[in-house]
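Each chain gets a letter, A, B and so on, in the order its sequence line appears, and its residues count up from 1. When reading the values below, keep in mind they use all heavy atoms of this one structure, side chains included, and skip hydrogens, waters and symmetry mates.
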There are 2 protein chains.
Amino acid sequence: MKDSLEQWLEELLEKHEGERMTDKQSRILRAAVEVFAEKGYSGAATSEIAQRAGVAEGTIFRHYRTKKDLLYSIVAPFVAKLIEPFVLRDLYPLIDNPHPTFEGFIRALLDNRIAFAEKNIKVIKILLQEVPFHPELREQFLSKVAERVLVKLSNAVYHYRKQGQIVDLPPLTMIRLVGSTLFGYLIVRFLFAPSGWDDTQEREATVQYILHGLNRKN
Amino acid sequence: MKDSLEQWLEELLEKHEGERMTDKQSRILRAAVEVFAEKGYSGAATSEIAQRAGVAEGTIFRHYRTKKDLLYSIVAPFVAKLIEPFVLRDLYPLIDNPHPTFEGFIRALLDNRIAFAEKNIKVIKILLQEVPFHPELREQFLSKVAERVLVKLSNAVYHYRKQGQIVDLPPLTMIRLVGSTLFGYLIVRFLFAPSGWDDTQEREATVQYILHGLNRKN
DNA sequence: TATAAAAATAAGTGATTACTCACTTTTTAT
DNA sequence: ATAAAAAGTGAGTAATCACTTATTTTTATA
């Protein structure tokens, strides 16, 4: 957990147009992720973030004009990362260089998103919590994710539908169904984390459920 | 929307051991639901709740010792309502007097929960938002919902599995899969509310997805 | 109508909030 | 080595927070 957070943080550093972050700045970010995830944006006090980062409160406002800026600087690059696998065709040939079978596609998608969720639980929690209260966040999320990802996914799904591999439903409907199933798997596994969770079995059941649910033989 | 909120409020009044609520008290509750849903618990100021209820701020604290009490008085009876259809056998013969077919069961469950969600969107939003930050809420929710509802559902699912109507998976796994699909339908319909949403078509696709997904003919 | 109880109020309370600013320390460039 | 720039500090700001209390208004009962 700590490793993946650190890794994410470092990736965030590099994003900042070559400008390296200072040690204190990265500690502020780390503490902010922690406190935002624990108490939510409104419940998180900048004083506590400063304290946990081992930094004077004024230092926060030297780097981030407002508390909201701090939130955005955490969430915004994450949203970008969220879309990445759907737009970087050479890194992830998931969409544009598709698997021959729908099953292979689903399995790859599942693996890909599970790995991503594993690395970003805390930021995902923050995003889910705060999107309802920040119209700008919601707008950015919807415009980027909805417009870009949904279009890419629609194309892929349409491709398998045309081949007769899956049932004849609107692509958006199928994306909702598969997305729900995938999302439910992730929520139950990472947020509820039930005892006695047999992951290989659950994952296989999930894949089979999707495949049969969208099988063209009605 | 306003009708259902009023109806829910009246049901809440009757719950209070015969003690009728004053007019101002119910207006406080109504305003609190509104503001909590809009800004979240931490972001909601008691001053704004009072203002929107057309009431002095002190009046809130005459009826509710703390702000947290106000939140609980809204959410607690809702959690009870959430479980009701699974424990009141005579009102909802959904579980204990089951449908002969799994398909009938799923359709009834879907209709039942959609109607419930339709009537309680705002309180559902509050519950989803605040459960992560209030251990007592989470504990009550998990102990009541998880223990009572999951047991009932497991029995029902086990019944259909024994009859060979559905695939041979652990009941909890199947509940997760069906629950995810149902939840995804509700979220997309009520929270995203996409334009051009053909509800009968979406609902039928959802039912078919579940039925084929759990069909025993693998 | 008289009176006691309950409900409601308005003006506070100290604590905490996000944020500022004058100042010191550290880093960088020449 | 030195000066300019950047980073960091912590005391202080007004505003807002949840909550209290003394007082007034409303309601119920006789």
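For Lys68(A) and Ala56(B), each mapped to the nucleotide of DNA chain C holding its nearest heavy atom, the one lying further toward the 5' end belongs to Ala56(B).
Within the 4.0 Å cut-off from OP1 or OP2 of dC17(D), at least one side-chain nitrogen or oxygen of Ser47(B) is found. Side-chain nitrogen and oxygen atoms of Lys24(A) include none within less than 4.0 Å of the OP1 or OP2 phosphate oxygen of dG8(D). In this model, the phosphate group of dG8(D) is approached by a side-chain N or O of His63(A) to a distance below 4.0 Å at OP1 or OP2. Contact annotation: Thr66(B) side-chain N/O to dA18(D) OP1/OP2 distance is not under 4.0 Å.
Taking the six-membered ring where tryptophan is involved, the planes of Phe105(A) and Tyr160(A) are tilted, since the angle between them lies from 30° to 60°.
Straight-line distance from the OH atom of Tyr64(B) to the C1' atom of dA7(C): 14 Å, rounded to whole Å. Put simply, CG on Asp23(A) is 14 Å from C1' on dT27(C), counting in whole angstrom units. Ile60(B) places its CD1 atom 12 Å from the C1' atom of dA8(C), with the value rounded to the nearest Å. Leu71(A) places its CG atom 12 Å from the P atom of dC19(C), with the value rounded to the nearest Å. Per the geometry, CD1 belonging to Ile49(A) stands 13 Å off C1' belonging to dC19(C), to the nearest Å. The CD-P distance, from Gln25(A) to dT26(C), rounds to 18 Å in whole Å. Rounded to whole angstrom, the span from the CZ atom of Arg62(B) across to the P atom of dA22(D) amounts to 12 Å. We find that CD of Glu57(A) is positioned 15 Å from P of dG12(D), with the value rounded to whole Å.
Heavy atoms of Ala44(A) sit under 4.0 angstrom from primed sugar atoms or phosphate atoms, though from no base atom.
Atom OH of residue Tyr41(A) and atom CG of residue Leu70(A) lie 8.5 Å apart, to the nearest 0.5 angstrom.
Side-chain atoms of Ser180(A) come within 3.5 Å of backbone N or O of Arg176(A) as a donor-acceptor pair. A donor-acceptor pair under 3.5 Å links the side-chain atoms of Lys125(A) to the main chain of Ala37(A), judged by distance alone.
Remark: Glu204(A) engages Arg107(A), Gln208(A) in a side-chain hydrogen bond (donor to acceptor under 3.5 Å, both in side chains) (not counting sequence neighbours).
Comparing atom distances between the Thr46(B) side chain and each of dA18(D), dG8(D), dA8(C) picks out dA18(D) as nearest. With dG8(D), dC19(D), dC17(D) as the candidates, the nucleotide lying closest to the side chain of Thr59(A) is dG8(D). Closest to the Thr22(A) side chain, of the nucleotides dA18(D), dC19(C), dG8(D), is dG8(D).
As the counterpart of dA22(C), dT9(D) is assigned, both hydrogen-bonding distances of the Watson-Crick or G-U wobble pattern falling under 3.5 Å.
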